[in-house]
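Chain letters run A, B, ... following the sequence lines, proteins first and then strands; every chain starts at 1. Please read all numbers here as calculations on a predicted model, not as lab measurements.
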Amino acid sequence: MIHLPRGTQDILPGDSEKWQYVEDVFTTICHQFNYKEIRTPIFEHTELFQRGVGDTTDIVQKEMYTFNDRSDRSLTLRPEGTASVVRSYVQNKLYGVNTQPQKLFYNGPMFRYERPQQGRMRQFVQFGIEALGSADPSIDAEVIGLAMHLYQSLGLKSLRLVINSLGDQESREAHRQALVNHFKPHEEELCSDCQQRLEKNPLRVLDCKKDKDHPAMQDAPKILSYLTDEASEYFNQLKKYLDAMGIDYVVDSNLVRGLDYYNHTAFEIMSDADGFGSISTLSGGGRYNGLVEELGGPNTPGIGFALSVERLLMALEVEGVELPVNEGLDCYVISMNDEANLKAVELVHELRKHNIQVDKDYLGKKMKAQFKTADREKATLVLIIGDEELQQNVVQVKNMTDGIQETVDHKDLVSYIKDRI
RNA sequence: GCGGUUGUGGCGAAGUGGUUAACGCACCGGAUUGUGGUUCCGGCAUUCGUGGGUUCGAGCCCCAUCAACCGCCCCA
C-alpha cells in the first residue's frame with residue numbers, strides 16, 4: 001500500500017469542516033480589517049528564499065524542499081509566505097498603486113523538511129497578512145490586533161502575547177557588539193551551538209535553552225537598552241496603541257525570531273493551555289523594513305504575521321472549544337421499491353435546486369436500513385415514498401426530532417420543508 | 001540531524017514460541033409483511049506495518065526498513 005509522505009496529512013470529512021470554518025472566519029476578519037487576498041505560487045525560485053528569508057537561517061540551511069525542474073532551474077516549495085508576497089509586490093509594482101499601504105492576506109500550504117512531531121508538519125498551512133508601505137506603529141498594532149481578534153473570536157482564552165523590539169540597523173549593531181563583548185569571556189563554557197551563534201548571529205544565543213541557566217545569560221545586554229531614541233520611541237508608540245486597543249502583552253527582551261529580515265517590532269502569540277506539548281507558539285510576526293529593497297523594490301517598510309492552522313486547531317481542541325460546524329442533513333428520501341426510487345431521484349434533484357440539502361439511498365437498502373442511514377446522517381426530515389404515496393401524489397414527511405409524520409402534497413413540499421429546516 | 005516509545009480487522013485493544021488470533025465499538029443481516037435512535041440473535045482478520053533471518057514451529061526472538069507519537073534543535 002502506498003501511503004502519504006512523512007509529515008503530511010489527509011484532512012478527512014469530520015475534520016475538513018473545521019478547516020473550512022476557520023478559513024471562513026479568517027477571511028471574514030481580514031475583510032473587516034480591509035485586507036485583500038493575494039495568491040502566489042506554491043513554489044518559487046530558490047534564490048528568493050535564500051535572499052528573502054536569509055542564508056544563515058535554519059530554514060534555508062537545512063529545511064527547504066529544493067529540486068531542479070526539467071530545465072534545471074532550482075525551485076523550492078515555499079517554506080513561508082512573506083518572501084513570496086514581497087516578491088509579488090515588487091514584480092507587480094504594487095508600490096505604485098493608489099491604495100497604500102497595501103494590506104494583503106494569504107492562506108495556503110508551506111513546506112519545511114523537518115522531523116515531524118505534534119504541531120510540526122512537513123506540509124502545514126499558514127494564514128498570514130502583510131501590510132506594505134507604512135512605517136507607522138499603529139499598523140503594527142493593527143496586525144497584532146487582527147491576530148488576537150481572530151483567536152479570541154474563535155473562542156481561545158489561554159493566550160499570551162509577547163512583544164519585543166529588535167530595533168533598527170544602528171540599534172542592532174550596537175547590541176550585537178555588546179553581546180559579543182559580553183559572551184566572549186565565557187565562550188568556552190557555552191554549548192557548541194552557541195559558540196557558533198556568537199560568530200554568526202549573537203542574538204540567537206539569548207534564545208538557547210541549554211545555556212539558559214548560565215550566569216552570563218542573566219545579565220546579558222538587552223536589546224531594549226541599545227535602542228536608538230528613534231527605535232525606542234517607535235516601540236513606545238506601539239505599546240501605547242496596544243494599550244488603547246485593550247490588548248494585553250508582555251515584553252520579552254529575549255524574544256528573537258528565526259528569520260533574518262525582522263527589525264523593530266517582533267511578536268509571538270503563545271498558548272498557555274495545559275497539554276499543549278512543547279510547542280506553544282501559535283503565530284509570530286514582525287516588521288521587515290529592508291526586505292522589499294532586498295528583493296529589488298523601492299525602500300518600503302512592511303510588517304506581517306503568520307499563524308499555523310494546525311496549531312490553531314490544536315489549541316481549540318485542548319481548550320475544548322466546539323466549533324459551530326453544521327453536521328446534520330436537511331432531508332433524507334426513503335423509497336420503498338424501484339418505482340418509488342424513480343420518484344426519489346426526481347424529487348431529490350428538484351429539492352436540491354431549491355437549495356435544500358438532501359440525500360437518498362444508493363445501495364438498494366430496505367426501508368428500515370434507510371431509516372438507520374437517515375438517523376446516522378442526522379437528517380432533520382425524512383421523506384417516504386411508497387406505492388400509496390405514488391398513487392396519491394404525496395409524500396410522508398417524518399420529523400426525526402419529534403417523530404411526527406404528516407402527509408404532504410407534492411405541490412406544497414418545498415415550502416413545507418423550508419418551514420421546518 | 002539526534003534520542004525515546006510504538007505499529008494486531010474501519011476504530012480501540014488482548015495475546016510475550018506451539019493446533020481454528022480474545023473482547024469492546026462501528027458496520028451488515030434477522031427478530032411475520034411500509035418506519036430510526038433501545039434490546040436480543042447472527043455475521044464480520046488464511047492474518048498480526050513491510051522485507052529478510054533464527055526455529056520442527058513466530059503476532060510473539062533477531063536484523064533491516066517504513067511510519068506514527070513524544071522529546072532535542074528550530075520554528076508556524
Peer 1: How many Å lie between NZ on A:Lys378 and P on B:rG36, as a whole number?
Peer 2: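 Roughly 19 Å, once rounded to whole Å.
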Peer 1: Is there a donor and acceptor pair, one atom on the side chain of A:Lys368 and one on the base of B:rG36, closer than 3.5 Å?
Peer 2: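 For A:Lys368, whose side chain was compared with the base of B:rG36, there is no donor-acceptor pair (under 3.5 Å).
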Peer 1: For nucleotides B:rC69 and B:rG43, find the distance between their P atoms and express it as a whole number of Å.
Peer 2: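 One P to the other, the span is 37 Å.
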Peer 1: Send over the distance from A:Ile334 CD1 to B:rG36 C1', rounded to a whole Å.
Peer 2: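 Whole-Å distance recorded here is 8 Å.
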Peer 1: Taking the side chain of A:Glu114 as heavy atoms from C-beta outward, which of B:rC28, B:rG29, B:rA76 is closest to it?
Peer 2: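 From the listed options, B:rA76 comes nearest.
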Peer 1: With rounding to whole Å, what would you report as the distance between B:rG57 and B:rC44 at their C1' atoms?
Peer 2: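 Comparing C1' positions in B:rG57 and B:rC44 gives a spacing of 29 Å.
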Peer 1: Over how many whole Å does the gap from A:Met336 atom CE to B:rU35 atom C1' extend?
Peer 2: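 It is 8 Å, rounded to the nearest whole Å.
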Peer 1: Quick check for you: to the nearest 0.5 Å, what is the distance between A:Arg420 atom CZ and A:Cys331 atom SG?
Peer 2: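 If I round to the nearest 0.5 Å, the distance is 11.0 Å.
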Peer 1: Within the structure shown, what part of the strands sits under 4.0 Å from A:Glu377 by heavy-atom distance: base, sugar-phosphate, or nothing?
Peer 2: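 No contact at all - A:Glu377 keeps every heavy atom at 4.0 Å or more from the nucleic acid.
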Peer 1: Where the side chain of A:Tyr113 is defined as all heavy atoms beyond and including C-beta, which of B:rA68, B:rG1, B:rC70 is the nearest nucleotide?
Peer 2: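 Closest nucleotide to the A:Tyr113 side chain: B:rG1.
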Peer 1: Expressed as a whole number of Å, how far does the P atom of B:rA58 sit from that of B:rA67?
Peer 2: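 Approximately 28 Å lies between the P atom of B:rA58 and that of B:rA67.
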Peer 1: Return the 5'-most residue of the pair A:Ile384, A:Gln126 with respect to RNA chain B, ranking by each residue's nearest nucleotide.
Peer 2: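 That would be A:Ile384.
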Peer 1: In terms of relative ring orientation, are A:Phe305 and A:Phe267 parallel, tilted or perpendicular, with 30° and 60° separating the classes?
Peer 2: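 Answer is tilted, since the angle falls between 30° and 60°.
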Peer 1: Nearest nucleotide by nearest heavy atom, which residue falls closer to the 5' end of RNA chain B, A:Phe124 or A:Gly386?
Peer 2: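 With A:Gly386 and A:Phe124 compared, the 5'-side residue is A:Gly386.
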Peer 1: Take atom CG of A:Leu383 and atom P of B:rG34, then tell me their distance rounded to the nearest Å.
Peer 2: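 In whole Å, B:rG34 P lies 19 Å from A:Leu383 CG.
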Peer 1: Would the base of B:rU35 count as contacting A:Gln396 through its side chain, where contact means a donor and an acceptor less than 3.5 Å apart?
Peer 2: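 Answer is no: no donor-acceptor pair is held.
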Peer 1: Which nucleotide sits closest to the side chain of A:Thr281: B:rC73, B:rC70, B:rC75?
Peer 2: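 When the side chain of A:Thr281 is considered, B:rC75 is the closest of B:rC73, B:rC70, B:rC75.
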Peer 1: Over how many whole Å does the gap from A:Gln370 atom CD to B:rG34 atom P extend?
Peer 2: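 So the two atoms are 12 Å apart, to the nearest Å.
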Peer 1: Any strand is fair game: report the nucleotide pairing with B:rA68 by Watson-Crick or G-U wobble, both distances under 3.5 Å, or none.
Peer 2: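 B:rU5 is the nucleotide pairing with B:rA68.
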Peer 1: Using the P atoms only, state how far B:rA31 lies from B:rG37, rounded to an integer number of Å.
Peer 2: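 One P to the other, the span is 14 Å.
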Peer 1: Taking atom CZ of A:Arg39 and atom OG of A:Ser84, what is their separation to the nearest 0.5 Å?
Peer 2: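 Between A:Arg39 CZ and A:Ser84 OG, I get 15.0 Å after rounding to 0.5 Å.
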Peer 1: Under 4.0 angstrom, heavy atoms only, what part of the nucleic acid is A:Gly128 near: base, sugar-phosphate, or nothing?
Peer 2: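 The answer is nothing, as A:Gly128 stays clear of every strand by at least 4.0 Å.
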Peer 1: Can you find a heavy atom in the side chain of A:Phe111 that is under 4.5 Å from one in the side chain of A:Pro109?
Peer 2: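 A side-chain contact under 4.5 Å exists here.
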Peer 1: Would you mind reading off the distance between A:Lys372 atom NZ and B:rU39 atom P, rounded to a whole angstrom?
Peer 2: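 The answer, rounded to whole Å, is 11 Å.
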Peer 1: If I pick the P atom on B:rA64 and the same atom on B:rG4, what distance separates them, to the nearest angstrom?
Peer 2: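 B:rG4 and B:rA64 have their P atoms separated by 13 Å.
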Peer 1: At 4.0 Å (heavy atoms only), tell me whether A:Gly7 reaches a base, stays on the sugar-phosphate, or touches nothing.
Peer 2: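 It contacts sugar-phosphate atoms only.
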Peer 1: Between B:rG37 atom C1' and A:Ile404 atom CD1, what is the distance in whole Å?
Peer 2: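 Going from A:Ile404 (CD1) to B:rG37 (C1'), I get 17 Å.
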Peer 1: Answer yes or no: side-chain N or O of A:Gln61 and base N or O of B:rG1 forming a donor-acceptor pair under 3.5 Å.
Peer 2: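 There is none.
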Peer 1: Taking atom C1' in both B:rG18 and B:rU39, compute the distance separating them and give it to the nearest angstrom.
Peer 2: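 So the two C1' atoms sit 41 Å from each other.
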Peer 1: When rounded to the nearest Å, what value does the distance between C1' atoms of B:rU19 and B:rC41 take?
Peer 2: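 That atom pair is separated by 30 Å.
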Peer 1: May I ask which nucleotide in the shown strands pairs with B:rG12, Watson-Crick or G-U wobble, both distances under 3.5 Å?
Peer 2: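 Answer to the pairing question: B:rC23, which forms a Watson-Crick or G-U pair with B:rG12.
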Peer 1: Just to be sure I understand the rule, does A:Glu310 reach a base, reach only the sugar-phosphate, or reach nothing, if contact means heavy atoms closer than 4.0 Å?
Peer 2: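 It contacts nothing in the nucleic acid.
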Peer 1: Given that both distances must come in under 3.5 Å, which nucleotide forms a Watson-Crick or G-U wobble pair with B:rG29?
Peer 2: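 Partner of B:rG29: B:rC41.
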Peer 1: Identify which nucleotide among B:rG29, B:rU35, B:rA76 has an atom closest to any side-chain atom of A:Arg120, counting heavy atoms from C-beta outward.
Peer 2: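 Closest nucleotide among those given: B:rA76.
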Peer 1: Compute the centroid of each ring, for A:Tyr65 and then for A:Tyr113, and state whether the two points are separated by less than 6.0 Å.
Peer 2: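 Yes: the rings meet the under 6.0 Å criterion.
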Peer 1: Which nucleotide in the list B:rG36, B:rC73, B:rC75 gets nearest to the side chain of A:Lys62?
Peer 2: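 Taking heavy atoms from C-beta onward, the closest nucleotide is B:rC73.
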Peer 1: Could you tell me which nucleotide pairs with B:rG36 by Watson-Crick or G-U wobble geometry, both distances under 3.5 Å, or answer none if nothing does?
Peer 2: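 Paired with B:rG36, as far as the under-3.5 Å criterion goes, is no nucleotide at all.
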Peer 1: Which label fits A:Tyr288 and A:Tyr261: parallel for a plane angle under 30°, tilted from 30 to 60°, or perpendicular past 60°?
Peer 2: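 The rings of A:Tyr288 and A:Tyr261 stand perpendicular, inter-plane angle above 60°.
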Peer 1: Indicate yes or no: at least one non-hydrogen side-chain atom of A:Thr373 is less than 4.5 angstrom from one of A:Lys360.
Peer 2: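 Side-chain contact under 4.5 Å: no.
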Peer 1: The side chain of A:Glu388 lies closest to which of these nucleotides: B:rG34, B:rC75, B:rG29?
Peer 2: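 Selected nucleotide: B:rG34.
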Peer 1: Taking atom P in both B:rG1 and B:rU20, compute the distance separating them and give it to the nearest angstrom.
Peer 2: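 Going atom to atom, P in each nucleotide, I get 43 Å.
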Peer 1: Does a side-chain N or O from A:Gln117 land closer than 4.0 Å to OP1 or OP2 of B:rG71, or not?
Peer 2: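 True: A:Gln117 side-chain N/O within range (under 4.0 Å) of B:rG71 OP1/OP2.
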Peer 1: Would a line drawn from the ring center of A:Tyr35 to the ring center of A:Phe105 be shorter than 6.0 Å?
Peer 2: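 Here the rings of A:Phe105 and A:Tyr35 have centres that are no less than 6.0 Å from each other.
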Peer 1: Between P on B:rG37 and CZ on A:Arg376, what's the gap in Å once rounded to a whole number?
Peer 2: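 Going from CZ in A:Arg376 over to P in B:rG37 covers 11 Å.
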Peer 1: Checking all strands, does A:Met110 fall into the base, sugar-phosphate, or nothing category for heavy-atom contacts under 4.0 angstrom?
Peer 2: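 Counting heavy atoms under 4.0 Å across all strands, no contact is made by A:Met110.
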Peer 1: So what does A:Ala306 hit on the nucleic acid, given a heavy-atom distance under 4.0 Å: a base, only sugar-phosphate, or nothing?
Peer 2: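 Sugar-phosphate only.
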Peer 1: Which listed nucleotide (B:rC2, B:rA76, B:rG37) is nearest to the side chain of A:Arg115?
Peer 2: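 Looking only at heavy atoms from C-beta outward on A:Arg115, the closest nucleotide is B:rC2.
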